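Here's the structure we're looking at; comments come further down.
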Amino acid sequence: MRAEVDMPLPPLALTQGDPAGIGPELALLAWQRRDALDLPPFACIADLDHLARLSRRLSLDIPLAACGWDEAGRCFRDALPVIPLVETTHVEPGRPDPETAAGTIAAITRAVAAVQDGHAGAVVTNPIAKSVLYAAGFAHPGHTEFLAHLAAKGGTAPLPVMMLWCEELAVVPVTIHVPLRRVPDLLTTELIVETGRIVAEGLTRSFGIAVPRLALAGLNPHAGEDGALGHEDAAIVRPAVDALRRLGIDATGPYPADTMFHARARAGYDCALAMYHDQALIPIKTIAFDEGVNVTLGLPFIRTSPDHGTAFDIAGRGIARPDSLIAALKLAARMVAQQQRTPR
C-alpha cells in the first residue's frame, strides 16, 4: 500500500483540534521535524496567540507566520504557517472549556472549505473532545459525521467510512461507536456491502491498488461455527461477501477474527473489514500504537487524522509524541499524489 509523492503538492490543511488538548503542540513538534522527516507542507488553522504561548511554554522557539493559503507553501520551510482563528478565550492546556468550541468547529469548517476551493490538498484533523462540543450545543454525533455534513453542501451527506491504517495493516470497523450489545441489530448485509464498496473504491483511487482484496471478519467467535455460536455470520456477513463479489470486488470470508491479523494472514488481503469497533482497533493499536492513522473514506476530499484522542492529561507537559500526526500528514500527501495519478 505504498504510494510515492509527486511534488510539489498544495499545502495540507491541519486543524488545531481541541486547543486544550495535545493537537496544537503536535503541530509545533511536527513542523520542528519537517526537514529531518521530509514532511509535506502544511498550514495549521489555529489560535496564533495560543500557539505562540505554547511554543514558549515548551521551550520550542518555533517561528510562526500568520498567512493566507497562497503564502503557506512558500513560508513553510522558515516558519509554521498559521491560518489565524480569532479566539476570545484564554486556553489552558489540559483544561477543556466549551467556550473554545466555536474555534474548534471553525478550524474544521475552514479546512474543508480550503480543500473544496482548491487552496489545500487534504484535511488533516487534530483530535477533538466531543463532550466539550456537545456542551456548546454541537449537533453532530462526532468529527466524521460533521465532515460528511460539510461535504454534502446542503445535499445528501455521503456515508463516511473509518479506516485505520499503518504500513502493515488496514482495517475498517463496519459499526463504530456503539455499545457492543447493539452491534447485531445494527449490522446488516446492506451496510457491509456499502462499506466494502466504499473501501474498495478508496483503495483504488487513493492507494493505487487496482484490484483491492477485502477480508471480512465474522461477528461471532469462529465466525459462528456453522451456527453453533450464532447465526449472524451465515445470515448477514456471508451474503454480503457474495454481494460484493457480484459487484466485481475481491471479497472473502467471513473468517474467525482471532486468526486474521498475524503476519501470514495479513499478506492475503489489502484491508480487513471488522464487524465492530474493538475487533478492528485492537489489532492495529497492537501493531502500530504510535504510528496508526485514521483515514476517512467515502468523502469527496481526503481526510486523515492521528489515531488517538486529545490526551488532556498530558497536554502542555512536553511529553506528547507527534508520531501519529506525522504519519497522518505523510499519508495525506501520498493520497493526494496518488489521486493526481488516478483521477475519477
Side-chain angles (χ1 to χ4, degrees), residues 1-3 159-176 180 183-184 186-289 291-298 307 331 335 338:
M1 295 180 64
R2 296 178 182 272
L159 174 66
V161 171
M162 181 173 77
M163 181 173 78
L164 291 309
W165 179 94
C166 67
E167 292 286 357
E168 297 81 13
L169 173 66
V171 62
V172 167
V174 176
T175 64
I176 307 178
L180 190 57
V183 170
L186 295 172
L187 195 65
T188 65
T189 297
E190 292 75 18
L191 176 62
I192 298 170
V193 171
E194 181 64 5
T195 301
R197 186 193 64 76
I198 291 170
V199 170
E201 180 181 300
L203 291 178
T204 297
R205 183 160 187 256
S206 298
F207 290 85
I209 302 174
V211 183
R213 300 166 299 164
L214 308 184
L216 277 68
L219 172 67
N220 297 296
H222 303 176
E225 201 166 295
D226 296 324
L229 298 177
H231 298 283
E232 292 88 354
D233 296 295
I236 298 172
V237 184
R238 190 175 301 281
V241 173
D242 295 338
L244 286 166
R245 294 185 70 84
R246 288 194 296 271
L247 292 174
I249 296 171
D250 183 356
T252 55
Y255 298 113
D258 62 352
T259 59
M260 281 185 61
F261 298 106
H262 61 84
R264 291 195 308 278
R266 296 198 307 268
Y269 58 81
D270 299 301
C271 183
L273 267 63
M275 297 303 110
Y276 57 92
H277 182 276
D278 285 10
Q279 194 181 57
L281 272 72
I282 288 173
I284 195 158
K285 290 195 174 185
T286 300
I287 293 169
F289 184 78
E291 299 85 17
V293 179
N294 182 344
V295 182
T296 305
L297 303 176
D307 185 23
L331 181 60
M335 293 173 70
Q338 183 60 48

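Atom set for the values below is all heavy atoms of this structure, side chains included, hydrogens, waters and symmetry mates excluded. These numbers were taken from a predicted model, which means no experiment stands behind them.
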Worksheet item: Quick one: CG on L164 to CD1 on I284, what's the gap to the nearest 0.5 Å?
Response: 5.0 Å

Worksheet, complete the sentence: What one should report as the nearest heavy-atom pair of V172 and V161 is CG1-CG1, 3.5 Å

Discussion item. For a 4.5 angstrom cut-off between non-hydrogen side-chain atoms, does Q279 reach P173?
Written reply: no

Worksheet item: Do L297 and M162 have side chains that get closer than 4.5 Å, going by heavy atoms?
Response: no

Worksheet item: For L203, which of V211, L214, I198 qualifies under side chain to side chain contact (heavy atoms under 4.5 Å, CB included)?
Response: L214

Discussion item. N294 vs M163, test: side-chain contact (heavy atoms from CB on, under 4.5 Å). Steps then yes/no.
Written reply: CA-CA 6 Å; N294 182 344; M163 181 173 78; over 6 Å; no

Worksheet item: Do the side chains of E194 and L159 get nearer than 4.5 Å, heavy atoms only?
Response: yes

Worksheet item: Below 4.5 Å, heavy atoms only, C-beta onward: do V193 and L247 meet side chain to side chain?
Response: yes

Response to the item:
On a heavy-atom basis, the closest approach of L244 and R197 is CD2-N, 3.9 Å

Discussion item. Can you confirm whether V171 sits close enough to F261 that some side-chain heavy atom of one is under 4.5 Å from a side-chain heavy atom of the other?
Written reply: yes

Worksheet, complete the sentence: In this structure, CG of D242 is separated from CZ of R245 (nearest 0.5 Å) by 8.5 Å

Item to complete: For R266, check side-chain contact (heavy atoms from CB on, under 4.5 Å) against everything at least two apart and list the hits.
Response: E168, L169, A263, Y269, I287

Discussion item. Is the shortest side-chain heavy-atom distance between T204 and P212 below 4.5 Å?
Written reply: yes

Worksheet item: Where the side chain of D233 meets the backbone of N220, is there a donor-acceptor pair that is under 3.5 Å apart?
Response: yes

Practice prompt. Please assess L187 against E232 for the test side-chain contact (heavy atoms from CB on, under 4.5 Å), listing each intermediate value before the final yes or no.
Written response: CA-CA 9 Å; L187 195 65; E232 292 88 354; 5.5 Å; no

Response to the item:
Distance col, row S206:OG vs W165:CH2, nearest 0.5 angstrom, shows 12.5 Å

Worksheet item: Going through the checks in order, is the side-chain contact (heavy atoms from CB on, under 4.5 Å) test met by T189 and I236?
Response: CA-CA 5 Å; T189 297; I236 298 172; 3.8 Å; yes

Response to the item:
What one should report as the nearest heavy-atom pair of A240 and I192 is CB-CG2, 3.5 Å

Fill in: Which atom of H222 lies closest to which atom of L229, heavy atoms considered
ND1-CD1, 4.1 Å

Worksheet item: What closest approach, in Å, do A215 and Y255 show between heavy atoms, and which atom pair accounts for it?
Response: CB-CE1, 3.9 Å

Item to complete: Could you grab the distance from atom CG of D278 to atom CG of L180, nearest 0.5 Å is fine?
Response: 8.0 Å

Item to complete: Drop me the distance from I209's CD1 to Q338's CD, to the nearest 0.5 angstrom.
Response: 9.0 Å

Worksheet item: Which heavy-atom pair separates A217 from A257 by the least distance, and what is that distance?
Response: CB-CB, 4.2 Å

Worksheet item: Side chains of L191 and T175: closer than 4.5 Å at any heavy-atom pair?
Response: yes

